[in-house]
Structures are given as C-alpha cells and as structure tokens.
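For reference, the structure discussed in these notes is given below.
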Amino acid sequence: MPAYPAFFVIMDNPRFTLVRDAFRKQALAIDTPAEAPSKYFGELVFGREKMRRYLDPATFSALEKCIDNGEPLDLDTADMVAAGMKQWALEHGVTHVTHWFQPLTDTTAEKHDSLLEYDGKGGVIESFSGSALVQQEPDASSFPSGGLRATFEARGYTAWDPASPVFIQDDTLCIPTVFVSYNGEALDYKTPLIKSLKAVSDAALPICRLFDGRVSKVINYLGWEQEYFLVDEDLYSARPDLMLTGRTLMGHQSSKSQQLDDHYFGAIPSRVTAFMKDLETEAYRLGIPLKTRHNEVAPNQFEMAPIYGEANLSNDQNQQVINLMHRIARKHGFVVLLHEKPFNGINGSGKHCNWSLGTDTGIPLLAPGKDAAGNLQFLVFFVNVLMAVQRHNGLLKATIASATNAHRLGANEAPPAIISAFLGRTMTGVLRRILETPSDAPVVIAGKKGTKVGALGIPDIFVDNTDRNRTSPFAFTGNRFEFRAVGSSANCAGAITTLNSAVAEQLKDFMLSVNGELSKGKPRNEALIDSLKPLIAKVIDTVCYDGNGYTEQWKADAARRGLDTETCVPEMFRQFTTPESVAMFTSTGVFSSRELEARNEVKWDKYVKKVQIEARVIGRMATNHIIPAALEYKRQLLEGLSLEKSVFGDGACGNTETGIVKDISFLVDELRSKVDALEASREKADVIEGDYEKALAYHSIAESLDGIRGPIDRLEEITDNALWPLPKYREILFIS
Ligand code: ADP
Ligand code: MG
C-alpha cells in the first residue's frame, strides 16, 4: 500500500462516514426556539425601543436627531448613550466592545477591547465612555489603503455610524463604524455608501417636490439575495485549493451534476435545514429579517434573501449574515463557500442586489403610481436610472469585477460581461409610445380590461407582467431594479455606491433640463416629458436589451451600440479613473480623485494576490499531489506488466495497462511543462513595478490556469480511484 496523505478521504472511508452520521443525527435533534421569531426578533440590537428604555428622554431625543437628520452628537450626550448601552450590554453578559467596520478586504474587521478598567480604589469595574463609542484609532496600518495612509501617518480612524444600530455578537458589543484615514479619506465600503445615499437623496428631492411638496428625503432600499455553497468540512479540509483559494482549481466533472435540474427549489436536505434554522434564529435575534430560503440550481447551492430595507442597514446585515454563516456552518460540519465559481461546469453564485428608491412619505419611486401623476413620477425615475446605467455601463461593470467574479461573468449561466438593462415588453412598449406621442397630448395605454386608464397610464397587470430574463445583468422587476451581476462574495456597497452616484449625477442633469423647459413657460408634465424624450430615445436602442445576453450575437451588437465589452478585469478597473467617472464621483461628493486612484491600487493589488495564490496552489498541488498519485499508479501498472511478463513471457497481453501507462506519461509530462511555464511567467510578473501592469501580467496567468487543469482532470479520469489524493466533485457536491 502506498502511504496516503493524512487527510486522505474517499466516499467509502469509514472515518468520514462516521463524521457525516454524527452530523446527520445532530440535524435531526436540532433545537429551534419554541417561541415565534417575532418574540425574540432584534433582541441583540440596541434599536429605538431599547434606546427609549435605556436612555433618558433628552439623550434619546438627541440621538434620534443624530440618526434621522445627521445632527452631531456632543460628547456629553455620547457619554450618556454609552452608559445606557453598557447597562443593556451587561444584562446580556457582554464583556468586550469593538468597532465593527468594513475595510477593503473581503471580510469585516473587529478588534475587541475588554470593558475592564481599574476603578482607582484597588478594584476593577466595567467601563464604556462616549469617546470609546464614537471614535477609535485601531492599529490599522495593515489594512489596504492604496497609499492613502503613508506610513508616517499610518493612522486610520473608526467613527460610529449612528444610522446602523449597535448589536451584540457572542460576548461583544459591536459598534458599526466608518473607517477613514487621518485626512478623512475613505478606507472602507461604508463611508462612500453613506455619501452616495445623501447624493441620491439630494438629487432626487427637487424632482419629487414637483409632485409633492411634503417630501423631505429620498431613501435608497436594498434587498440582497445571497447565494452560497455548502460543503462538508472534512472534504473541504482535504482540498488545499478550496481552503486557500475558495474554489476548486481542479476536479473532473461529476457524471451527475446539475443536468437533471433536480436541485432548484428541491427539498432541502435535513442537515442543511438544520443549518438554515440555526442561522435564521441567530439572524432574527440580530434583527435581520430573513425571508426566503431555497435550493439553488447547482447541487449543494442555496440562497437566502431578507425583506428589503434601507440600503446602509441592509448592507450591514448582509455582512453580519456572512459572519454568522461561516460560524454556524462549522457547528453543522459544513463550510460555506462564497466564491463566485467554486466548481467548474456548474453554476456559480451571485448576490443579486435589488435596488429601489422611495420617498419619506412612503411613495416608491420605481413602481407604477396609482394615478397619472404617480406614473409620470415613476417614469421619470425609471428612465433616469436607465440613462445613468447607459452613461456609466463600463464603470458599473468595473464595480462588480473581481478576480473571483471573473469566473462567473461571461460564463454560460451568469450575466454576461456587458451591462445592459432588461425592461420587459410592457415597459419597452410604454417608452416607445411616449416617443411617438406629442408631449402635450396624454399618453394613453390600454389597461387591464382594455379600458383607457388616463394619461401615462400603465396597465394594472403590469407588476405581474415583467417577464423573467435571467440572462440580464440589470433587470427591471416591477418595483425595483435587480443588479444581478454582483458577485456572491462582494460587499454590496461597492455596486450600490456607484449606482447611487451615477443616478444622482443623472438626476441633477435632468433637473437642469426640466428647469430649462419650465422657464419657457411649459406646464410641469410637458416639461418633464420633453426632458425625458431625448433620454428615452438614447437608452431604448442602446442599454435596453431584452434578448438573450448569452449569445455571441449580443456581444457584437453590444459593441455596435457603444456598450463596454471589455473582459479583462484589471483593464475594467481603469473605468474608475476616466474623466467621466471622476467628474461623476467628485460632483456628487462620493469620491475624490485621490480616493479613486488609491482604491484602484487596492483592486489591482488584490487581483494580483488572488491569482498569485491560485497559481502557487495549483503548481504545488500538481507537484505534490497529482503527479505522485499518477506516477504511483503507473508504477503499479508497470509492476503488474512485468509480473505478467515473468509468468507468461513476452507474448503476454497487457494492452490496456500499456495504454494507460503511455497516457499517464504523456499527461504528466504535459502537466510538468505547464507548471514550469507557469512558474516562469510568475517570476516575470513578480518583478513588474506598476500595480496596473502587474495585474495585467497576472491576468494572463489567470487565463493559463485552466490549461493546467486540463491534464490534471484527465489524469483524475484514468487514475485508480483509491489512489486519487483529493475528494472528487461527486463526493463534495452531494450533501446527504
Ligand atoms: P427573486 O429570486 O424572485 O428575485 P427573492 O424573493 O429571492 O426574489 O428576492 C427578492 C429580493 O428583492 C428580496 O430581498 C426582496 O425583499 C427584495 N425587494 C423586493 N421589493 C424591493 C424593492 N422595492 N426594493 C428593493 N428590494 C426589494
Ligand atoms: Mg431569488
């Protein structure tokens, strides 16, 4: 017997079966709280009801003004708020506090400080001051900053974002914060998101006020759909590629994968249900309103979505859920994979960001209205969003681009690497009708029963009417746009910030045009429609596309329409610093050009490191796992042949064995030379100085990894199953 690696695992391995059985039993025995979720929903969040209970009325009112209107909080009030929070936290067994922030890495960051302080009388007390609540200076020099923090002033500050409620995780009070440099430049995802919320509200407000003078704020809503894979922890641990890169760099397709379409919406395996229940219970305690859960298309792939909410809070909740998922999965013997494409040949994971706007008077701005004026307001926002997407389609693609999402985009089951918008037949018809009708005549469209529903009427059936086009990266779905191109591992804030800023810029330009028309003495509706028409004419045959986004024809058509068709991720990032993007981000106050440049450095650097890790891992696995296993099988075959020859003499058969031996030799040689070539190109790339240039070199390396995988997967196909040192797709992909 050859010596197997310590982690050698195959399906029939008794050790593995035992582990699985233990988790199966646990799944059946899982306790869910007897109480209805509404009873414990939000119990670990310091929300308004707790504020009212734990703060005196004056402090509560000051804090409410700070949350709702962005009014500053003085230090005395902060001290009072902190005292109330401390009391509540101690009642929940809290011993530590942390500023919880979202740096430009793939995860959230936290540094826990104990509440313990000397009391000056020889003892200790629990202490938490207003200044500790409001601001901290984490030792942050090792977070990515793209040179915004020169080492001599390597300070990063975290500052409380009162709009996101404080919550408890285990024994720790977590304070959601922004993370900025000494000069106030954003080092995180949250800061620009908050700026973009203000930008889009400020830009939308004058338009809303044309319809209703009572509107004082426009709110951005986000409802994310999180897709993910679950794999058994043991199998994960036996795959260095999964552990170190989050995806399988090799692995022959399972004979059965998703071709029978039997996983989507199928019965959820009981072990997975147990995990989901546990996750939901914890999420509800944190006030996260998880609503749907189901199997996704690929085996072992699942999805969940909450009830949508205010974008900043909803995004925090997505980050919290991600943390919870990783933690709770381990309790159930699973590991969560958030990589956009963990397995070749089966669907990848996205994070659809459902995006909409609404007024503080409760009117949704991306849903048809109740009357003609409501419909006109809807059309104004609808068309301006499309125009913003048209103007910045390349940039929007850049916001969702990453080394990991690159494997999903453009593949045959995910949004293509071209940003277009799906409207559906009804809305396309409405837009065309507007173009054909004189602006001072009412636009009349048949309603549900063929009756006329008045100027700018939209059929009542409309909301149910939007067809589902899964190939579109940005689809209108009745009361919102669904940005589907966002990757499952992404922080939604990246995409939402850009979308908000682009829409804000477009709405400001639109308002200028409307004011121009109004100053000519035109009535409101006519002024609005006259300003809309050129936009409709522009978007209808460019960014609006209802066809199949997966076809080759679309790629050619999109290029003709002037849409960005770039497929190289490092190249896409340059969209952030084009004159149009810089003008858009600076005019809306969301990013300075220095911040944009710095963030691009971070993006290129992250891209390089991710591909670099993959290249190292595949090289080492080829050398240390695959080639030895293949050679061992070859040795056994040769031994058998030689034995055969010694018994039967030269005329012995053994054609099968010699055939396999030759195939192995050929594939091992091919693999070896490809790994050598990879090492050589990595050495060359590593000495390149510029971030962008280096990322381009690593882009070619990324493209070459599939070529290395080729001989490995063919070796897997012909090598003795018992000798193969890695769990195979068929073993990893079917939870039972
Ligand atoms: P589907 O898979 O059919 O797109 P899901 O129910 O899985 O739908 O998810 C839809 C998501 O969109 C949910 O998070 C939901 O709360 C959110 N959503 C619904 N309406 C809006 C809206 N007006 N604005 C933002 N998000 C919304
Ligand atoms: Mg869904």
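In this chain, residues are counted from 1 in sequence order.
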Worksheet item: Do the non-hydrogen side-chain atoms of L365 and Q377 ever get within less than 4.5 Å of each other?
Response: yes
Worksheet item: Which atoms form the tightest heavy-atom contact between V134 and A78, and what is the distance?
Response: CG2-CB, 3.6 Å
Worksheet item: If you measure only the distance, is there a donor-acceptor pair under 3.5 Å linking the side chains of T281 and D278?
Response: no
Practice prompt. For residues Q301 and E227, determine if any side-chain heavy atom of one lies less than 4.5 Å from a side-chain heavy atom of the other.
Written response: yes
Worksheet entry | Smallest separation among heavy atoms of L222 and C492, with atom names | CD2-CB, 4.1 Å
Item to complete: For D106, check salt bridge (Lys or Arg N to Asp or Glu O under 4.0 Å) against everything at least two apart and list the hits.
Response: K606, K610
Practice prompt. Return the set of residues passing side chain to side chain contact (heavy atoms under 4.5 Å, CB included) with S114 (not counting sequence neighbours), or none when no residue passes.
Written response: H96, L116
Worksheet item: Excluding sequence neighbours, so at least two apart, what forms salt bridge (Lys or Arg N to Asp or Glu O under 4.0 Å) with E43?
Response: R285
Fill in: L324 side chain near Q320 side chain, heavy-atom distance below 4.5 Å
no
Practice prompt. Of all the heavy-atom pairs spanning Y236 and L242, show the shortest one and how long it is.
Written response: CE1-O, 3.7 Å
Worksheet item: Checking S488 side chain against L338 main chain: does a donor-acceptor pair fall under 3.5 Å?
Response: yes
Discussion item. Once side-chain hydrogen bond (donor to acceptor under 3.5 Å, both in side chains) is applied, do any residues pair with E110, and if so which ones, sequence neighbours excluded?
Written reply: H112
Response to the item:
side-chain hydrogen bond (donor to acceptor under 3.5 Å, both in side chains) filter on Q135, not counting sequence neighbours, yields none
Fill in: Pair D316-Q102, side-chain donor/acceptor within less than 3.5 Å
yes
Worksheet entry | Distance flag, aromatic centroids of F476 and F382, threshold under 6.0 Å | yes
Worksheet item: Does one side chain, of K370 or N375, offer a donor that lies under 3.5 Å from an acceptor on the other?
Response: no
Worksheet item: Going from CG on N354 to CZ on R480, what distance comes out if it is rounded to the nearest 0.5 angstrom?
Response: 4.5 Å
Item to complete: Measure from the side-chain N and O atoms of D188 to the backbone N and O of P103, and report whether any donor-acceptor pair falls under 3.5 Å.
Response: no
Worksheet item: For F46, what residues pass the ring pair (Phe, Tyr, Trp, His ring centres under 6.0 Å) criterion, not counting sequence neighbours?
Response: W88
Discussion item. Run K86 and D79 through salt bridge (Lys or Arg N to Asp or Glu O under 4.0 Å) and show every step you take.
Written reply: CA-CA 10 Å; K86 187 182 85 177; D79 273 334; over 6 Å; no
Worksheet entry | Shortest non-hydrogen contact between P165 and P176, atoms and distance | O-CG, 3.4 Å
Worksheet entry | Aromatic ring pairing F481/W355, orientation class (parallel under 30°, perpendicular over 60°, tilted between) | tilted
Fill in: Side-chain touch L357/V200, heavy atoms, less than 4.5 angstrom
yes
Discussion item. Looking at V94, is its backbone amide N or carbonyl O close enough to the side chain of E126 to form a donor-acceptor pair, meaning the two atoms are under 3.5 Å apart?
Written reply: no
Practice prompt. Check the pair S164, K190 against side-chain hydrogen bond (donor to acceptor under 3.5 Å, both in side chains), reporting the backbone distance first and the verdict last.
Written response: CA-CA 10 Å; S164 312; K190 197 188 236 301; 2.7 Å; yes
Worksheet entry | Aromatic plane relationship, F474 with F483 - under 30° parallel, 30 to 60° tilted, over 60° perpendicular | perpendicular
Discussion item. With a 4.5 Å cut-off on side-chain heavy atoms, are L73 and W160 touching?
Written reply: yes
Worksheet item: How far apart are the closest heavy atoms of N300 and L733, and which atoms are they?
Response: OD1-O, 2.7 Å
Fill in: Partners passing side chain to side chain contact (heavy atoms under 4.5 Å, CB included) against I219 (at least two apart in sequence or in another chain)
Y221, E310, D360
Discussion item. Quick check: closest heavy atoms across P342 and F229, and the distance to 0.1 Å?
Written reply: CG-CD1, 3.5 Å
Worksheet item: Considering residues at least two apart in sequence or located in another chain, which fulfil the side-chain hydrogen bond (donor to acceptor under 3.5 Å, both in side chains) criterion with D113?
Response: none
Worksheet entry | Atom pair CZ/CD of R239 and E731 - distance to nearest 0.5 Å | 9.5 Å
Worksheet item: Which distance, rounded to the nearest 0.5 Å, do you find between the CG of N405 and the OG of S489?
Response: 7.0 Å
Discussion item. I need the R53 CZ to Q87 CD distance, nearest 0.5 Å.
Written reply: 10.0 Å
Worksheet entry | Side-chain (T98) to main-chain (W100) donor-acceptor, under 3.5 angstrom | no
Worksheet item: Can you list the residues that meet the salt bridge (Lys or Arg N to Asp or Glu O under 4.0 Å) rule with K198, with sequence neighbours excluded?
Response: D202
Discussion item. Checking side-chain polar atoms at under 3.5 Å, does T108 have a donor or acceptor matched by the opposite partner on N323?
Written reply: yes
Discussion item. Evaluate N347 against K341 for side-chain hydrogen bond (donor to acceptor under 3.5 Å, both in side chains), listing each step before the verdict.
Written reply: CA-CA 7 Å; N347 276 18; K341 190 79 179 174; 5.8 Å; no
Worksheet entry | side-chain hydrogen bond (donor to acceptor under 3.5 Å, both in side chains) partners for R209, two or more places apart | none
Worksheet item: Looking just at side-chain N and O atoms, do Y54 and E49 make a donor-acceptor pair shorter than 3.5 Å?
Response: no
Practice prompt. Taking the side chain as every heavy atom from C-beta outward, state whether H339 and T245 have any pair of such atoms under 4.5 Å apart.
Written response: no
Discussion item. Does either side chain, that of D234 or that of S237, offer a donor lying less than 3.5 Å from an acceptor on the other one?
Written reply: no
Practice prompt. Output all residues satisfying side chain to side chain contact (heavy atoms under 4.5 Å, CB included) with M304, sequence neighbours left out; order by chain, then residue number.
Written response: W224, Q226, Y228, L279, L290, V321, M325
Fill in: S131 and L75, any side-chain heavy atoms less than 4.5 Å apart
yes
Worksheet, complete the sentence: Across all chains, not counting sequence neighbours, the side chain to side chain contact (heavy atoms under 4.5 Å, CB included) partners of A493 are Y189, L193, N315, N491, T497
Discussion item. Treating S201 as the side-chain partner and V218 as the backbone partner, does any N or O pair qualify as donor plus acceptor under 3.5 Å?
Written reply: yes
